[in-house]
Asks: 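The structure that follows is given in the form of structure tokens.
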Amino acid sequence: MGSTEPNTTGQDPLLISCRDPENRRSASTWRRAVERGDALRLSPGVYCRSEHWFRQAPWDRYLLSAVAHSLSRQDPIVFIGLTALLLQGLPAADVPAHLEVQAGSAGRAGLVRPPKLYRDGTERMQVYLRHLESAGQEFTGSLPVLPGVRRRWTRRPAPYEAEQVVVRLSEGTDVGTVLTAPLHHALSDVLIREPLLVSSTPADAVKRRHGAWANTFPDLVEPLITTQADRRRLDAAWSFADGRAESPGESLSRAAVHELGFIVPEPQKDLYDGDRWIARVDHWWDQIGLAGEFDGKTKYSSALRKPGDSWQDVLVREKEREDAIRRTGAGVLRWMWSDVRNLQRFEHLLVRHGVPRRTG
């Protein structure tokens, strides 16, 4: 007689819904797995094996949480705002703390705290840590949690039909289908409601990936603008967006420079020594001949690393590149995620390297 317990061979899908007719195990089976610490209940009736959950990157766990929330609802729900943009494959500089969904009425709007994901007890904690280790992750003092849910009531000046979106994780796995606000609705919502530090990353990506569509965006959102204040906010944020920014870190950096009152650098600038190309830098302040380089993890793990390279090879090559830039007479300012997320520290870096402030 075969086992009715969830298998541990990695054959289960990432998300298991007890409403799925292809799920051959009962809800009580998964509840027992949750009690042991071998599975996690992401939403009512929707489960994920612990090792699968821990293996995902933070932004992929956010997408899994959204699909799980959608699967658990009796009635269809529509994701809006920044959540809709992420589900459609656009990036954000930081993982949002909440899933944004369209409330059915003003009375149903509000914030729902995330449910408790982990069971208490030393024994279960040991199980979680074992799964964390199996997933190739290190324990940093806390386990990843679920986002909360923000139900937001929005009066739609122009009605729309929600779009079906296939949700795809960063490594290419499809994990389900959800309903979202159309791209132009979600993007205009983010540009109006969110600060530049949030809106610039998806807006830059839209201009970079969907150039032709981006040209039509102002006309698409014209019926959605209800006040002059909204128009000013949207126009300012959309004008600031630049498709030359190639990563969320670069987008966040430009926005932080602007928010701190400094002259915004030109993104992705090619530098030459006479007629000889030297390098393309992330940011360039022509006023003072300063190159700005955002050093994110992916820069060293993908863009600069060639097949067979060791980390030492990558660092040596980057040092040679920086030396070549300096030989042109340019200065070089480097920063990391920890710098740009601490605006006071980032401001000190910019001041120390002579970045001019905006006037007027």
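Start at 1 with the first residue, then count along the sequence. Worth saying up front: this structure is predicted, and the values here are computed from it rather than measured.
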Asks: If you measure from CG on Asp189 to NE2 on His185, what distance do you get to the nearest 0.5 Å?
Replies: 10.0 Å
Asks: So, taking the atom named CD in Gln56 and the one named SG in Cys48, what distance separates them when rounded to the nearest 0.5 Å?
Replies: 7.0 Å
Asks: Looking at Arg150, Arg151, Arg193, Arg152, which hits side-chain hydrogen bond (donor to acceptor under 3.5 Å, both in side chains) with Glu100?
Replies: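 That would be Arg152; it is the only one of Arg150, Arg151, Arg193, Arg152 passing the side-chain hydrogen bond (donor to acceptor under 3.5 Å, both in side chains) with Glu100.
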Asks: Please confirm whether the backbone N or O of Ile263 pairs with a side-chain atom of Trp285, one donor and one acceptor, at under 3.5 Å?
Replies: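 Between the backbone of Ile263 and the side chain of Trp285 there is a qualifying donor-acceptor contact (under 3.5 Å).
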Asks: Answer whether the closest heavy-atom distance between the side chains of Leu224 and His184 falls below 4.5 Å.
Replies: yes
Asks: Is there a path of hydrophobic side-chain contacts, each under 4.5 Å between heavy atoms of I, L, V, M, F, W or Y residues, that connects Val340 with Leu343?
Replies: yes
Asks: Are Lys269 and Asp286 ion-paired here, with the side-chain N under 4.0 Å from a carboxylate O?
Replies: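 Judged by the 4.0 Å cut-off on N to carboxylate O distance, Lys269 and Asp286 do not form a salt bridge.
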Asks: Are any of the side-chain heavy atoms of Arg36 and Val127 separated by less than 4.5 Å?
Replies: no
Asks: How about CZ on Arg73, more than 12 heavy atoms from neighbouring residues, nucleotides or ligands closer than 6.0 Å, or not?
Replies: yes
Asks: Looking at CG of Asp295 and CH2 of Trp337, how far apart are the two atoms once the value is rounded to the nearest 0.5 Å?
Replies: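 Taking CG in Asp295 and CH2 in Trp337, the distance rounds to 12.0 Å.
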Asks: Restricting to side-chain hydrogen bond (donor to acceptor under 3.5 Å, both in side chains), what partner residues turn up for Thr83, sequence neighbours left out?
Replies: Tyr62
Asks: If only atom types and distance count, is the side chain of Arg244 paired as donor or acceptor with the main-chain N or O of Glu266 below 3.5 Å?
Replies: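 Here the side-chain-to-backbone pair does not exist.
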Asks: Return the CZ to CZ distance between Arg55 and Arg49, rounded to the nearest 0.5 Å.
Replies: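 Rounded to the nearest 0.5 Å, the CZ-CZ separation comes out at 7.5 Å.
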Asks: Any chance the rings of His283 and Trp335 have centres within less than 6.0 Å?
Replies: yes
Asks: Report, one line per pair, each donor and acceptor closer than 3.5 Å where one atom sits in a side chain of residues 133-149; sequence neighbours left out.
Replies:
unit_1: Ser134; atom_1: OG; unit_2: Arg130; atom_2: O; d: 3.0

Asks: Quick one: pull up CG in Leu187 and CG in Leu90 and give me the separation to the nearest 0.5 Å.
Replies: 8.0 Å
Asks: Please give me the minimum heavy-atom distance between Val190 and Gly81, naming the atom from each residue.
Replies: CG2-C, 3.6 Å
Asks: Could you report the tightest heavy-atom contact between Asp204 and Ala241, atom names first, then the distance?
Replies: OD1-CA, 3.1 Å
Asks: Is the side chain of Glu293 donor-acceptor paired with the backbone N or O of Asp282 at a distance under 3.5 Å, no angle test?
Replies: yes
Asks: Using the ring of Trp238 (Phe, Tyr or Trp, six-membered ring only), decide whether Lys207 places NZ or CZ under 6.0 Å from its centre and within 45 degrees of its axis.
Replies: yes
Asks: Which pair of heavy atoms, one from Arg280 and one from Asp270, lies closest together, and at what distance?
Replies: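 Result for this residue pair: NE-OD1, 3.0 Å.
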Asks: May I ask you to say whether Lys319 pairs ionically with Asp323, meaning some side-chain N is under 4.0 Å from a carboxylate O?
Replies: yes
Asks: Relative to Phe240, does Arg254 satisfy both conditions: NZ or CZ under 6.0 angstrom from the six-membered ring centre, and within 45 degrees of the ring's axis?
Replies: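 Because its charged atom sits under 6.0 Å from the ring centre and within 45° of the axis, Arg254 does stack over Phe240.
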Asks: Check whether any side-chain heavy atom of Asp94 sits under 4.5 Å from a side-chain heavy atom of Thr201, and report yes or no.
Replies: no
Asks: Do the side chains of Val264 and Asp242 get nearer than 4.5 Å, heavy atoms only?
Replies: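 The answer is no, as the side chains (C-beta and beyond) never meet within the 4.5 Å cut-off.
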Asks: Work out which heavy atom in Leu71 is nearest to a heavy atom in Ser17; give both atom names and the distance.
Replies: CD1-CB, 4.3 Å
Asks: Verify the cluster assignment for Leu271 and Ile288: are they in a single hydrophobic cluster under the rule of side-chain heavy atoms below 4.5 Å apart?
Replies: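 No, no single cluster joins them.
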Asks: Give a yes or no answer on whether the side chain of Arg124 reaches the backbone of Asp120 with a donor-acceptor pair at less than 3.5 Å.
Replies: yes
Asks: Measure the spacing between CH2 of Trp53 and CG of Leu64 and express it to the nearest 0.5 Å.
Replies: 6.5 Å
Asks: Are Ile225 and Leu220 linked, directly or through other ILVMFWY residues, by side chains that come within less than 4.5 angstrom of each other?
Replies: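 The answer is yes; both residues are in one hydrophobic cluster.
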Asks: Output, in order, the C-alpha distance, side-chain angles, deciding distance and verdict of side-chain contact (heavy atoms from CB on, under 4.5 Å) for Val67 and Leu63.
Replies: CA-CA 6 Å; Val67 176; Leu63 299 181; 5.6 Å; no
Asks: Is the shortest heavy-atom distance from the side chain of Leu183 to the side chain of Leu85 under 4.5 Å?
Replies: yes
Asks: In terms of ring plane angle, is the pair Phe54 and Tyr128 parallel, tilted or perpendicular, where the classes change at 30° and 60°?
Replies: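 Rings of Phe54 and Tyr128: perpendicular, as their planes differ by over 60°.
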Asks: Report yes or no: do Val351 and Met336 belong to one cluster of Ile/Leu/Val/Met/Phe/Trp/Tyr joined by side chain heavy-atom distances under 4.5 Å?
Replies: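 Shared cluster, no.
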Asks: My understanding is that only one of Val206, Thr180, Val167 makes a side-chain contact (heavy atoms from CB on, under 4.5 Å) with Gln88; could you say which?
Replies: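 That would be Thr180; it is the only one of Val206, Thr180, Val167 passing the side-chain contact (heavy atoms from CB on, under 4.5 Å) with Gln88.
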Asks: Backbone N or O of Ala245 within a donor-acceptor pair of the Arg208 side chain at under 3.5 Å?
Replies: yes
Asks: Can you name the closest pair of heavy atoms from Pro265 and Val257 and give their distance?
Replies: CD-CG1, 4.0 Å
Asks: What do the steps show when you test Tyr47 against Val34 for side-chain contact (heavy atoms from CB on, under 4.5 Å), and what is the final call?
Replies: CA-CA 8 Å; Tyr47 301 88; Val34 169; 3.6 Å; yes
Asks: Looking at every heavy atom in both Leu234 and Ser188, which two are closest together, and how far apart are they?
Replies: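 Distance-wise, the nearest heavy atoms are CD1-CB, 3.6 Å.
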Asks: For Asp230, is there an ion pair with Arg233 - N to carboxylate O distance below 4.0 angstrom?
Replies: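 Salt bridge flag = yes for Asp230 with Arg233.
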Asks: Tell me if a side-chain donor or acceptor on Thr216 pairs with a main-chain N or O of Trp213 at a distance below 3.5 Å.
Replies: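 Checked: pair present.
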Asks: Assess whether a salt bridge exists between Arg31 and Glu35, defined as any Lys/Arg side-chain N lying under 4.0 Å from an Asp/Glu carboxylate O.
Replies: no
Asks: More than 12 non-hydrogen atoms from neighbouring residues, nucleotides or ligands closer than 6.0 Å to CZ on Arg357, yes or no?
Replies: yes
Asks: Quick one: does any side-chain atom of Asp174 pair with a main-chain N or O of Val166 as donor and acceptor, under 3.5 Å?
Replies: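 Checking the backbone N and O of Val166 against the side chain of Asp174, no donor-acceptor pair under 3.5 Å is found.
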Asks: Report the C-alpha distance between Lys116 and Arg41 in whole Å, list the side-chain angles of each, state the deciding distance to 0.1 Å, and finish with yes or no for side-chain contact (heavy atoms from CB on, under 4.5 Å).
Replies: CA-CA 9 Å; Lys116 186 176 181 179; Arg41 178 179 177 268; over 6 Å; no
Asks: Taking Asp339 for its side chain and Phe346 for its backbone only, find out whether a donor-acceptor pair lies under 3.5 Å.
Replies: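 No, because the side chain of Asp339 does not come within donor-acceptor range (under 3.5 Å) of the backbone of Phe346.
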Asks: Could you walk me through whether Thr173 and Arg168 pass the side-chain contact (heavy atoms from CB on, under 4.5 Å) test, one step at a time?
Replies: CA-CA 5 Å; Thr173 301; Arg168 183 164 295 161; over 6 Å; no
Asks: Which residues pass the side-chain hydrogen bond (donor to acceptor under 3.5 Å, both in side chains) test with Ser105, not counting sequence neighbours?
Replies: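 With neighbours one apart ignored, the set is empty.
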Asks: For Glu171, does the CD atom sit with more than 12 other heavy atoms under 6.0 Å from it, leaving out its own atoms?
Replies: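 Yes, because the 6.0 Å sphere around CD of Glu171 holds more than 12 heavy atoms from other groups.
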Asks: With heavy-atom distances below 4.5 Å as the criterion, would you say the side chains of Arg321 and Val281 are in contact?
Replies: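 Result yes, sub-4.5 Å side-chain heavy-atom pair found.
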Asks: Measure the shortest side-chain to side-chain distance between Thr122 and Met125 over non-hydrogen atoms and say whether it is less than 4.5 angstrom.
Replies: no
Asks: With the side chain counted from C-beta on, respond yes when Ser70 and Phe79 share a heavy-atom pair under 4.5 Å apart, and no when they do not.
Replies: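 A side-chain contact exists here, since the closest heavy-atom pair is under 4.5 Å.
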Asks: Among the clusters formed by ILVMFWY side chains lying less than 4.5 Å apart, do Phe262 and Trp284 turn up in the same one?
Replies: no
